[in-house]
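Input: a single structure, listed below in structure tokens.
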Amino acid sequence: MEIIKPRTLSGFMELLPDKQQRFERMMEILRTTYASYGFAPLDTPVIEDAQILLAKGGGETEKQIYRFTKGDSDLALRFDLTVPLAKYVALHYNDLAFPFRRYQISKVYRGERAQRGRFREFYQADIDIIGDGKLDILNEAEIPAIIYKVFRGFGLTRFQIRVNNRKILNGFYALLGLEEKSGEIMRTVDKLDKIGAEKVCTILLEDCGLTQDQAEEILKFIAIRGTNAEVLAALEGYAEKHPLFDQGLEELKAVTVNLAAFGVPEENFAVDLTIARGLDYYTGTVYETTLLDHPEIGSVCSGGRYDNLAGYYIEKALPGVGISIGLTRLFYVLDEQGLLNPNLPSAPADALVLPMTSEAGPAIALAETLRSAGLRVQLYGEQKKFKQKMAYANKLAVPFAVLLGEDEIAQGMCSVKDMRSGQQVTLPPVEAAAHIRAALNQGSQAVILER
RNA sequence: GUGGAUGUGGCCUAGCUGGUUAAGGCGUCAGAUUGUGGCUCUGAAGAUCGAGGGUUCGAAUCCCUUCAUCCACCCCA
């Protein structure tokens, strides 16, 4: 038989067990945090009818979506979680309670060239709040507050949630008579950090066809920096010239005030007039989150307010606000930077039961006893040499090995070996369980990352 | 989609003005050491040098084609 060389496609992340364990832990934190704010879990199919996913048509989605046929069906892999949500809400409109709050942590697919931190298959961890007809501005402050909680839950402190409002930008461009070109301008301005003000100016003049005055006004506008209060104060200078701008400013102020009330420290969020990117369906508040020490990797979490979620699928006005964490990218960066908490248990079990006799019965009973005490226990059933059993325990990085030989069985005992200290005690099974639990709770089980 | 670079055991790398058996490290497996692991020592397995074609007495090395990967752009999480 010919061997097919195993390989994983570029742009797809595949983890070894210990890393996967850490990844699962992040998802756990996400789930519990999202749930603590009253969001309901949702799962939708990876594959949808292509018509549904491409309802919006045109643009990047069309170019990057994985599309295929099976028989007569025209199918596609979901490109994000927002479009499936729109379909879901439209389809189950009558059965849902609004505001509808859901979270979804699932894989999405994009057929683009993979790069460092850019994947073709990746997890998004989304939360959205969908209103029926209306949705209060309060929600727009709550969403980033939840993101803050999540990131802190991951153990991160050096991150910044940047907030802006599209109405401010659109209102401002309208003031300059540039409403037609707002998309183009936003995309250019968004690159400010990367290419610098001069380059931005050049592109605005040459590619976007702005006048010198218009370009200067825009550069002056995006040059507004400082504390949130300072930026807001500077924005007041543009007030009462355009109603859209004024509305956006009011919203931005409301978000900023409430964000503080939700307990998000000023250093973790910033009003930033250059952020504008994200899908073009955003209409108001927009968010983008970056890791302060790794700006090169781009946004690990972004989202915003949209006014018409499901217009392609239902004749209802369903405004919403949501945000998406690029979990795969975030994990990739954290791992690459060695930021993954080495104190997180990564072993698949707390204890490995090693039977030293050929008779399995007592070992099975022992493992069950330990499990009843709440421990994660693996029973090693292979007839291997003792050395190999220990080597296995090492590789798994289990904190405890529990030995069960003839002597122990005869006495109704078992030997608990702490794999890090090498210390070993012989105890009855129930006490052994208590012993292990106590040790684990002390945090003395600190997982071995490197020896 | 556009531009640039790179493909050598599972992983990382040496060899590249062509010259016989492709070298090393990590990892894997075995033994030293048959109820006590990590360290050390010894040994072993594992590569048609990405694939196909060409030049040549001779190609990992030169040429062409192709595929794959990586980087930048585009766009995005």
Side-chain angles (χ1 to χ4, degrees), chain A residues 3 5-13 16 58-65 79-82 105-126 147 183 186-188 190-191 194-195 199 203 207 275-280 282 287-291 294 296-304 322-333 352 354-358 380 383-409 414-424 426 448 450-451:
Chain A
I3 298 288
K5 193 172 185 188
R7 67 190 194 101
T8 304
L9 262 19
S10 144
F12 288 72
M13 187 172 80
L16 289 173
E60 291 301 312
T61 312
E62 196 114 13
K63 276 192 266 177
Q64 297 184 352
I65 202 161
F79 177 86
D80 62 17
L81 299 178
T82 307
I105 304 168
S106 305
K107 283 174 173 173
V108 302
Y109 298 82
R110 294 185 189 179
E112 60 184 328
R113 299 220 92 98
Q115 263 173 56
R116 186 180 114 92
R118 166 179 301 198
F119 296 85
R120 289 175 166 158
E121 177 191 70
F122 58 97
Y123 274 93
Q124 288 196 325
D126 279 30
I147 293 303
M186 282 186 204
R187 249 172 284 128
T188 307
D190 188 60
K191 290 178 193 147
K194 209 168 179 178
I195 64 177
K199 263 282 183 82
I203 296 175
D207 297 352
I275 79 134
R277 67 203 304 191
L279 290 317
D280 40 8
Y282 293 128
Y287 319 105
E288 188 162 297
T289 306
T290 52
L291 301 178
H294 306 284
E296 76 284 352
I297 208 73
S299 176
V300 291
C301 168
S302 57
I323 202 163
S324 177
I325 298 179
L327 237 203
T328 304
R329 173 180 288 178
L330 180 58
F331 183 83
Y332 176 85
V333 180
L352 179 70
L354 299 179
M356 309 306 296
T357 60
S358 54
Y380 189 87
Q383 302 293 325
K384 293 255 179 98
K385 285 186 232 172
F386 188 74
K387 179 185 160 147
Q388 292 171 307
K389 296 177 181 175
M390 292 301 280
Y392 182 70
N394 265 334
K395 282 191 187 167
L396 289 186
V398 287
F400 289 93
V402 184
L403 316 182
L404 193 63
E406 281 171 22
D407 296 350
E408 285 91 347
I409 293 172
C414 62
S415 294
V416 177
K417 185 181 180 76
D418 183 322
M419 292 301 285
R420 282 154 293 99
S421 68
Q423 289 186 343
Q424 186 171 322
T426 300
I448 303 149
E450 56 231 349
R451 288 194 268 279

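Reminder, nothing fancy here: chain letters follow the sequence lines and each chain counts from 1. Being a predicted model, the structure only gives us computed values, none of them experimental.
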Under 4.0 Å between any heavy atoms, over every strand shown, what does [X] touch: base, sugar-phosphate, or nothing? Just pick one.
{"X": "A/Phe119", "answer": "base"}
{"X": "A/Leu403", "answer": "base"}
{"X": "A/Lys417", "answer": "base"}
{"X": "A/Gln423", "answer": "nothing"}

Shortest non-hydrogen separation from A/Asp126 to A/Gln124 and the atoms involved
OD1-CB, 3.5 Å
In whole Å, what is the span from the [atom1] atom of [X] to the [atom2] atom of [N]?
{"X": "A/Gln383", "N": "B/G35", "atom1": "CD", "atom2": "P", "result": "13 Å"}
{"X": "A/Leu396", "N": "B/G37", "atom1": "CG", "atom2": "C1'", "result": "13 Å"}
{"X": "A/Leu352", "N": "B/U36", "atom1": "CG", "atom2": "P", "result": "17 Å"}
{"X": "A/Glu62", "N": "B/C76", "atom1": "CD", "atom2": "C1'", "result": "17 Å"}
{"X": "A/Met419", "N": "B/G35", "atom1": "CE", "atom2": "P", "result": "14 Å"}
{"X": "A/Leu81", "N": "B/C76", "atom1": "CG", "atom2": "P", "result": "17 Å"}
{"X": "A/Lys389", "N": "B/U34", "atom1": "NZ", "atom2": "P", "result": "14 Å"}
{"X": "A/Leu16", "N": "B/C11", "atom1": "CG", "atom2": "P", "result": "13 Å"}

Scan every strand shown for a Watson-Crick or G-U wobble partner of [N], both distances under 3.5 Å, and answer none if you come up empty.
{"N": "B/U34", "value": "none"}
{"N": "B/G3", "value": "B/C71"}
{"N": "B/A23", "value": "B/U13"}
{"N": "B/A44", "value": "B/U28"}

Do the side chains of [Y] and [X] get nearer than 4.5 Å, heavy atoms only?
{"X": "A/Phe331", "Y": "A/Met13", "value": "yes"}
{"X": "A/Pro399", "Y": "A/Met419", "value": "no"}
{"X": "A/Val416", "Y": "A/Thr426", "value": "no"}
{"X": "A/Tyr392", "Y": "A/Leu352", "value": "yes"}
{"X": "A/Leu354", "Y": "A/Met390", "value": "yes"}
{"X": "A/Leu404", "Y": "A/Thr357", "value": "no"}

For nucleotides [N] and [M], find the distance between their [atom1] atoms and express it as a whole number of Å.
{"N": "B/U2", "M": "B/C74", "atom1": "P", "result": "16 Å"}
{"N": "B/C73", "M": "B/G15", "atom1": "P", "result": "31 Å"}
{"N": "B/C71", "M": "B/U13", "atom1": "P", "result": "14 Å"}
{"N": "B/G46", "M": "B/U56", "atom1": "C1'", "result": "32 Å"}
{"N": "B/U69", "M": "B/C12", "atom1": "P", "result": "15 Å"}
{"N": "B/C62", "M": "B/U21", "atom1": "C1'", "result": "24 Å"}
{"N": "B/G37", "M": "B/G24", "atom1": "C1'", "result": "28 Å"}
{"N": "B/C63", "M": "B/U6", "atom1": "P", "result": "11 Å"}

Under 6.0 Å between ring centres: does that hold for A/Tyr332 and A/Phe119?
yes
Could you run down nucleotides 27-33 of chain B 5' to 3' and tag each one B, S or - for protein heavy-atom contact under 4.0 Å?
-SSSSB-
Using modelled atom types and a 3.5 Å cut-off, is there a donor and acceptor pairing between side-chain atoms of [X] and backbone atoms of [Y]?
{"X": "A/Lys417", "Y": "A/Leu403", "value": "no"}
{"X": "A/Arg329", "Y": "A/Ser299", "value": "yes"}
{"X": "A/Gln64", "Y": "A/Thr61", "value": "no"}
{"X": "A/Arg120", "Y": "A/Glu112", "value": "yes"}

Between the base of B/A77 and the ring of A/Phe122 - centre-to-centre under 5.5 Å, planes within under 30° - is that a stack?
yes
Hey, does the side-chain of A/Gln424 have a donor or acceptor N/O within less than 3.5 Å of a partner on the base of B/G37?
no
Which nucleotide wins on minimum distance to the side chain of A/Arg110, given the candidates B/A77, B/U36, B/G37?
B/A77
Are any of A/Ser10's side-chain N or O atoms less than 4.0 Å away from OP1 or OP2 of B/C70?
yes
side-chain N/O A/Ser302 vs B/A77 OP1/OP2, d < 4.0 Å
yes
For nucleotides 71-74 of chain B, print each protein N/O atom paired with a nucleotide N/O atom at under 3.5 Å, atom names and distance only.
from: B/C71; atom 1: OP1; to: A/Arg116; atom 2: N; distance (Å): 3.0
from: B/C71; atom 1: OP2; to: A/Arg116; atom 2: N; distance (Å): 3.0
from: B/A72; atom 1: OP2; to: A/Gln115; atom 2: OE1; distance (Å): 2.7
from: B/C73; atom 1: OP1; to: A/Lys194; atom 2: NZ; distance (Å): 3.4
from: B/C74; atom 1: OP1; to: A/Lys191; atom 2: NZ; distance (Å): 3.2
from: B/C74; atom 1: N4; to: A/Arg118; atom 2: NH1; distance (Å): 2.6
from: B/C74; atom 1: N4; to: A/Arg118; atom 2: NH2; distance (Å): 3.2

On RNA chain B, more 5' by nearest nucleotide between A/Glu408 and A/Arg120 is A/Glu408
